[in-house]
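Please read the structure below before turning to the comments.
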Amino acid sequence: MKDKSPTNTIPVADNEALFLDTTLRPSKWDDYIGQKNIKKNLQILLTAAKERNHPPEHILFYGSPGLGKTTLAHLIAKEINAQMKVTSGPAIEKIGDLASILTNLSPGDILFIDEIHRLNKTIEEVLYPAMESGSLDIIIGKGPSARTIQLELPPFTLIGATTRIAMISSPLRSRFSGGIFKLEFYTNDEIQDIITRSAKILGIELNKDAGKEIAKRSRFTPRTANYILKRARDFSQVNKTDMTKESVDEALKLLGIDHVGLTPADRDILHAIINKFSGGPVGLNTLAAALSEEQATIEEFNEPYLIQLGFLDRTTRGRIVTTLGYEHLGLKSPTLL
């Protein structure tokens, strides 16, 4: 479904990025690489719903940013030939906003809510009967004269996406009867397949070694892989060079991305814990204040990859840098002194 938002609200740079991301997004199940178990489950769910001539049950995807939650929602819409209305938790500020969205759905539509964990609890409670029985209860007026109107909604499928499933209330989670699916990090081989596909779409001549180098530094995440591919392409274009391992190395050096994919922000976290807090443990609040960074950014973007690599450990007392983390920075771990 095309985005109906006015084009003049999107800056040119963002518009180009949006176009590229849409172009690289798989439009067929066969083009979607990785998450094999989730794909099998979804194909069974969708096939069964088609045979019953009924919209699929509500689905929730969760996992780190950039793993393909939105892409899966688009693929589901294409598979069942349904229109998809897209919104996000922070965008639904009032009950009236949700009522407007739900009453404008057509039978069989998909409503995709990104960052669903950020829905207001009052709005969540209005959503329960909409998901469960297809009705919307609206209170008109205040005080003794207030009355409730129940509106019947057309059959629809709600697809939610979140990076923080723990923040979704238990009553809301329980209403995703179609399934709750966790997207896992990708393997290097899967990332390389994604990069190869993206390079073909963008018309980039990419040799195998260059692809391996990008995959190695992509944080096991397709979005990061495509970002690095586009920046390496820009570097090669400006410097009139082929896309080789050497040119990718140079491009990533300029971006500050090291040989395992750590960014300057990742290294700042490790250095801060080591230099300011003696390697930890340190609480998230204190660490965020020391770095002048948002807690959510550290917790959702930086930490998962640092923990995945074994450079950071999250304990009940706080964050600590591991021996591997010290070694990566070329420092001696206190445990080895």
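Bear in mind the structure is a predicted one, so any value in this text is a computation, not a measurement.
Within a 6.0 Å sphere centred on CD of Gln295, heavy atoms belonging to other residues, nucleotides or ligands number more than 12. Environment of NZ in Lys212: sparse, with no more than 12 heavy atoms of neighbouring residues, nucleotides or ligands closer than 6.0 Å. More than 12 heavy atoms of other residues, nucleotides or ligands shown are found within 6.0 angstrom of CG on Asn207. Lys36 NZ: 12 or fewer foreign heavy atoms inside a 6.0 Å radius. No more than 12 heavy atoms of other residues, nucleotides or ligands shown are found within 6.0 angstrom of NZ on Lys40.
Atoms OG1 and CD1, on Thr196 and Ile191 in that order, are 11.0 Å from each other to the nearest 0.5 Å. Taking CG of Asn120 as the start and OG1 of Thr122 as the end, the distance is 4.5 Å to the nearest 0.5 Å. Distance OG1/Thr162 to NZ/Lys69: 8.0 Å, rounded to 0.5 Å. Remark: Ser247 OG to Asn239 CG distance equals 9.0 Å, nearest 0.5 Å. Ile204 contributes atom CD1, which lies 7.0 Å from atom CG of Leu206 (distance to the nearest 0.5 angstrom). Annotation: the span from Leu45 atom CG to Glu79 atom CD amounts to 11.0 Å, rounded to 0.5 Å.
In this structure, Ser198 contributes its side chain and Asn226 its backbone to no donor-acceptor pair below 3.5 Å. The closest donor-acceptor contact from the side chain of Gln35 to the backbone of Glu184 lies under 3.5 Å. The closest donor-acceptor contact from the side chain of Thr286 to the backbone of Val282 lies at 3.5 Å or more, if one exists at all. Under the 3.5 Å distance criterion, the side-chain polar atoms of His117 are left unmatched by any main-chain donor or acceptor of Ile168. Proximity of a side-chain donor or acceptor of Asn41 to a complementary backbone N or O of Asn37 within less than 3.5 Å is detected. Under a 3.5 Å cut-off, the side chain of Thr322 and the backbone N or O of Gly310 do form a donor-acceptor pair. The backbone N or O of Ser106 sits less than 3.5 Å from a side-chain atom of Asp109, completing a donor-acceptor pair. Remark: the backbone N or O of Thr263 is paired with a side-chain donor or acceptor of Asp266 at under 3.5 angstrom. Proximity of a side-chain donor or acceptor of Arg197 to a complementary backbone N or O of Leu24 within less than 3.5 Å is detected. Side-chain atoms of Ser100 never come within 3.5 Å of backbone atoms of Asp97 as a donor-acceptor pair (strictly under, hydrogens ignored).
For the 3.5 Å distance criterion, the side chains of Glu124 and Ser169 qualify, holding a donor opposite an acceptor.
Nearest heavy atoms, Gly66 versus Thr221: O-CG2, 3.2 Å. The two atoms that bring Thr157 and Pro55 nearest to each other are OG1-CB, 3.6 Å, heavy atoms only. The two residues Glu57 and Ser177 make their nearest non-hydrogen contact at OE2-OG, 3.4 Å. Summarising the geometry of Tyr326 relative to Gly279, their closest heavy-atom pair is OH-CA, 3.4 Å, with the distance given to 0.1 Å. Closest non-hydrogen pair, Ile113 versus Gly89, comes out as CG2-N, 3.8 Å. Residues Pro90 and Glu93 approach most closely at O-CG, 3.6 Å, considering heavy atoms.
Under 4.0 Å is where a charged nitrogen must lie from a carboxylate oxygen, and between Asp234 and Arg231 at least one such pair does. Salt-bridge formation is detected for the pair Asp258/Arg267: a Lys NZ or Arg NE/NH1/NH2 atom is positioned less than 4.0 Å from an Asp or Glu carboxylate oxygen. A salt bridge links Glu303 and Arg319; the closest N-O separation between the charged side-chain nitrogens and carboxylate oxygens is under 4.0 Å.
Grouping the Ile, Leu, Val, Met, Phe, Trp and Tyr side chains by contacts below 4.5 angstrom, directly or via other members, places Phe176 apart from Met167. Hydrophobic clustering, with ILVMFWY side chains joined whenever heavy atoms are under 4.5 angstrom apart, keeps Ile274 apart from Ile320. In the hydrophobic clustering of ILVMFWY residues, with side-chain heavy atoms under 4.5 Å counting as a link, Met243 and Phe235 come out apart. Note on Ile44: it does not cluster hydrophobically with Ile38, by side-chain heavy-atom contacts below 4.5 Å among ILVMFWY residues. Taking hydrophobic clusters as Ile, Leu, Val, Met, Phe, Trp and Tyr residues chained together by side-chain heavy-atom distances below 4.5 Å, Ile195 shares a cluster with Val260.
When each of Ile269, Leu291, Leu312 is paired with Asn302, the side-chain contact (heavy atoms from CB on, under 4.5 Å) condition holds for Ile269 and for no other.
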Quick one, Arg217 with Asp249, criterion salt bridge (Lys or Arg N to Asp or Glu O under 4.0 Å). Give me CA distance, side-chain angles, the key distance, then yes/no.
CA-CA 10 Å; Arg217 308 196 197 191; Asp249 277 338; 2.5 Å; yes
Please determine whether ring-ring contact (aromatic ring centres under 6.0 Å, His included) holds for the pair Phe220 and Tyr305, giving the CA-CA distance in whole Å, both sets of side-chain angles, and the decisive distance to 0.1 Å.
CA-CA 8 Å; Phe220 315 121; Tyr305 188 59; 5.6 Å; yes
Chi angles and distances behind the side chain to side chain contact (heavy atoms under 4.5 Å, CB included) call for Leu75, Tyr32
CA-CA 9 Å; Leu75 284 173; Tyr32 188 98; 3.6 Å; yes
Criterion side chain to side chain contact (heavy atoms under 4.5 Å, CB included) on Val86 and Thr70, from CA distance to verdict:
CA-CA 10 Å; Val86 180; Thr70 303; over 6 Å; no
Evaluate the side chain to side chain donor-acceptor pair (under 3.5 Å) criterion for residues Glu300 and Thr163: first the C-alpha distance (whole Å), next the side-chain angles of each, then the deciding distance (0.1 Å), finally the verdict.
CA-CA 7 Å; Glu300 293 173 24; Thr163 53; 3.2 Å; yes
Working note: Phe61 + Leu67, criterion side chain to side chain contact (heavy atoms under 4.5 Å, CB included); need CA distance, chi angles, decisive distance, verdict.
CA-CA 10 Å; Phe61 296 124; Leu67 294 180; over 6 Å; no
Using the rule given for side chain to side chain contact (heavy atoms under 4.5 Å, CB included), can you reason through Glu205 versus Asp242, listing the C-alpha separation, both sets of side-chain angles and the distance that settles it, and then say yes or no?
CA-CA 8 Å; Glu205 289 188 17; Asp242 294 331; 5.8 Å; no
Starting from the C-alpha separation in whole Å, work towards a yes-or-no answer on salt bridge (Lys or Arg N to Asp or Glu O under 4.0 Å) for Arg164 and Glu115.
CA-CA 8 Å; Arg164 308 184 73 180; Glu115 296 184 272; over 6 Å; no
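Phe301 carries Arg219 over the face of its six-membered ring, with the cationic atom under 6.0 Å from the centre and within 45° of the normal. Geometrically, Arg175 engages Tyr128 in a cation-pi contact, judged by NZ or CZ lying under 6.0 Å from the ring centre and within 45° of the ring axis.
Inter-residue side-chain proximity for Leu60 and Ile165 is flagged as met; some heavy-atom pair is nearer than 4.5 Å. Using a 4.5 Å heavy-atom cutoff, the side chains of Leu324 and Leu309 are not in contact. In this structure, the side chains of Leu262 and Leu270 come closer than 4.5 Å at one or more pairs of heavy atoms. For the pair His271 and Lys276, the minimum side-chain heavy-atom distance is 4.5 Å or more. In this structure, the side chains of Thr71 and Pro26 come closer than 4.5 Å at one or more pairs of heavy atoms. Residues His328 and His259 meet the side-chain proximity criterion, which asks for heavy atoms closer than 4.5 Å. For the pair Phe112 and Thr87, the minimum side-chain heavy-atom distance is 4.5 Å or more.
Taking the six-membered ring for Trp and the full ring otherwise, the centers of His58 and Phe156 sit less than 6.0 Å from each other.
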